[in-house]
Q: 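Questions regarding the structure given below will be posed in turn.
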Number of protein chains: 2
Amino acid sequence: MSHMGYGRLMAVDRAHVLRSAAALLTRKATATMDEVAKAAGISRATLHRQFAGRDALVRALEALGIEECEAALDAARLDEGPASEAVRRLVREIEPAAGLLSFLYTENQLFEGEQQNEGWERLDARISALFRRGQESGEFRIDLTPAWLTEALFGLVASGAWVVLNGKVAAKDFHHMIVELLLGGALRRES
Amino acid sequence: MSHMGYGRLMAVDRAHVLRSAAALLTRKATATMDEVAKAAGISRATLHRQFAGRDALVRALEALGIEECEAALDAARLDEGPASEAVRRLVREIEPAAGLLSFLYTENQLFEGEQQNEGWERLDARISALFRRGQESGEFRIDLTPAWLTEALFGLVASGAWVVLNGKVAAKDFHHMIVELLLGGALRRES
DNA sequence: CCCATGTGAGACATCAATGTCTCATTCAAG
DNA sequence: CTTGAATGAGACATTGATGTCTCACATGGG
C-alpha cells in the first residue's frame, strides 16, 4: 500500500473509468455494464469492484457532474462584473461538462426517487442568484423568473451538447449559440 | 358499437391508453408495462393485446408525438405573417404535446437505432424553414443557424414542460417564458 | 525467488420485466 | 336465453442484465 491510496499494482484509474463511462453513456444511455467496462478498457469484474452496481456508477457520475459544475461556477466568478459577462464565463466553463450533463439530464431516475442529490439545489441556487442579480442591476428582464432562466440554461446546454454530438452544428459554435440565444434571443436587434 | 370499428363489447380506447401512458411516462420514464396498464385502467394482458410490447408502445407514443407536432405546425400556419408571430403560434399549438415531447426527448433509444422515424426530419425541416424565412426577412439574426434554433425550440419546450411538472413555474407562464426567451433572450431591451 | 495484490475471464445464480398462455367472467347483440 | 367477443386475473416460461463467485495470471515489492 505504501503511502498512496492505491495498491502496489497499478490500480484502475477511477477517474478514467468515470470519464469513459460518461463518454459512452452520453452517446448510448442504455449501455450495459459490460459495454461500460469494455469502453474503459477493463473487465466487468473490475468495474464492479469499483462501483457496486449500475446504480452506484450512475450516482458517481451524478456526483462527478455536480462537482464539475460547481468547479465551473467557481471558475466563472458569478459575483464579479456584469451578470451577462458572468453568464458568458459560466457557459464557457461548463462546456467541458456539457456531455455529462446532457446524460444526467435524461437520466430521470435521478429525480424520481425520494432522495436526490442536494447538489442540484445548490447549483440551482447559485445560478438563480446570478440571474436575480442581473435583474436587480437592470441587465436582465424581470418577466422571466430566475428559476426558469436557470432551467433554460441547463436545457440549452444539454441541447447544445446533443446537436454537437450529432454533427448538426460545429463544436466551436457551442459557446456562441448558447450564450447568444440565452441572452439575446433569436430576434434581430433593432439598433 | 355496432357499425363502428370496434366489436360488440366496449373495446379498449387505444387513444386513451396512449394518453395515460404518455402522462405516466412523462412523470416516470421507467414505469413498467404493469404500471402503464394500471394507469390506463386496464390489465396488462389487454395492454399487451394492443401493443405487442414496450417497444411497440414507445413507438406508438413516438408516432403520436410526431402526429400532434405536425398537427400543431399545420394549425400554426408557419408560412403566414411575420416569422416571430408564427413562432408564437407554434409554441401555443405545441404546448398540449409538450409533456409527451419531453418524454420522447429523453427516450434516447429512439435515436440510437439505425432506423428512426423520419417524422422528426420532416418536423425539423418545417421548423428550420420557418427560422430561415425569418432570417431572410430580416426578423431573425443570422448568426444562429436554423438547425440550432430548431433544436433549441424543442429543448426549451421540453425544459418548460419539466419545470411546470415540478411546480417551479406556473403552467400559465409556459407560452410566455418559452417564446420570450427564444425570441427576445434574457437581456433587457435598451429601448 | 516468493508472496501478496489486483486483475481478467468465465461460470453461475439471481432478479425483474417481459412475453405467452389459459380460463373464468362480463357484456352486448341477436 | 344463448352466443360471441373482449377483458381481467393469474400462472408460467423467457430473456437480458446484474450481482457473485472462483481461479489463473501478471506484476511489483520484499
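Worth saying up front: this structure is predicted, and the values here are computed from it rather than measured. Each chain gets a letter, A, B and so on, in the order the sequences are listed, and its residues count up from 1.
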Q: When the ring planes of A:Phe111 and A:Trp120 are compared, do they come out parallel, tilted or perpendicular, using 30° and 60° as the limits?
A: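 Taking A:Trp120 first and then A:Phe111, their aromatic rings sit tilted (interplane angle of 30° to 60°).
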Q: So which nucleotide from D:dG8, D:dC21, C:dT18 ends up closest to the side chain of B:Ala45?
A: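 Minimum distance to the B:Ala45 side chain belongs to D:dG8.
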Q: Separation of A:Asp55 atom CG from C:dA16 atom P, in whole Å?
A: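 Rounding to the nearest Å, CG of A:Asp55 and P of C:dA16 are 14 Å apart.
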Q: Round to the nearest Å and state the distance from A:Gln109 atom CD to D:dA17 atom P.
A: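 Rounded to whole Å, this separation is 15 Å.
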Q: Report yes if some heavy atom in the side chain of A:Val164 is under 4.5 Å from a heavy atom in the side chain of A:Met177; otherwise report no.
A: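 Yes, at least one pair of side-chain atoms sits under 4.5 Å.
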Q: Just how far, in rounded Å, is C1' of C:dA17 from CZ of A:Arg54?
A: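 One finds 15 Å between C1' of C:dA17 and CZ of A:Arg54, rounded.
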Q: Closest approach to the side chain of A:Ser43, judged atom by atom: which nucleotide of D:dT18, C:dT18, C:dA9 is it?
A: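 Shortest atom-to-atom distance from the side chain points to C:dA9.
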Q: When the ring centroid of A:Phe154 is compared with that of A:Tyr105, is the distance short of 6.0 Å?
A: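 No.
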Q: Take B:Arg44 and B:Glu35, measure what salt bridge (Lys or Arg N to Asp or Glu O under 4.0 Å) needs, and give me the verdict at the end.
A: CA-CA 9 Å; B:Arg44 196 166 68 94; B:Glu35 293 172 299; over 6 Å; no
Q: Rounded to whole angstrom units, what separation is found between the CG atom of A:Asp34 and the P atom of D:dG19?
A: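 To the nearest whole Å, that distance equals 13 Å.
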Q: Without decimals, in angstroms, what is the distance between A:Lys38 NZ and C:dT7 P?
A: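 It is 17 Å, rounded to the nearest whole Å.
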Q: Looking only at N and O atoms, is any donor in the side chain of A:Arg49 or the base of C:dG8 less than 3.5 Å from an acceptor on the other one?
A: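 Donor-acceptor pair under 3.5 Å: yes.
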Q: May I ask you to verify whether the side chain of B:Arg44 and the base of D:dG10 hold a donor-acceptor pair under 3.5 Å?
A: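 Such a pair does not exist between side chain and base.
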Q: From the set D:dT7, D:dT18, C:dG8, return the single nucleotide nearest to any side-chain atom of A:Thr46.
A: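 Closest nucleotide among those given: C:dG8.
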Q: State, to 0.1 Å, how close B:Arg54 and B:Leu25 come at their nearest heavy-atom pair, and which atoms those are.
A: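 Reported closest heavy-atom pair: NH2-CD2, 4.0 Å.
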Q: C:dT7 P sits how many Å from A:Gln50 CD, rounded?
A: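 Rounded to whole Å, this separation is 7 Å.
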Q: More 5' along DNA chain D: B:Gly41 or A:Met33, using each one's nearest nucleotide?
A: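 The residue whose closest nucleotide sits nearer the 5' end is B:Gly41.
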Q: To the nearest angstrom, how far is B:His16 atom NE2 from D:dT7 atom P?
A: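 Whole-Å distance recorded here is 14 Å.
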Q: Taking the side chain of B:His48 as its heavy atoms from C-beta onward, which of D:dT7, C:dG19, C:dG8 lies nearest to it?
A: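 Of all the options, the side chain of B:His48 is nearest to C:dG19.
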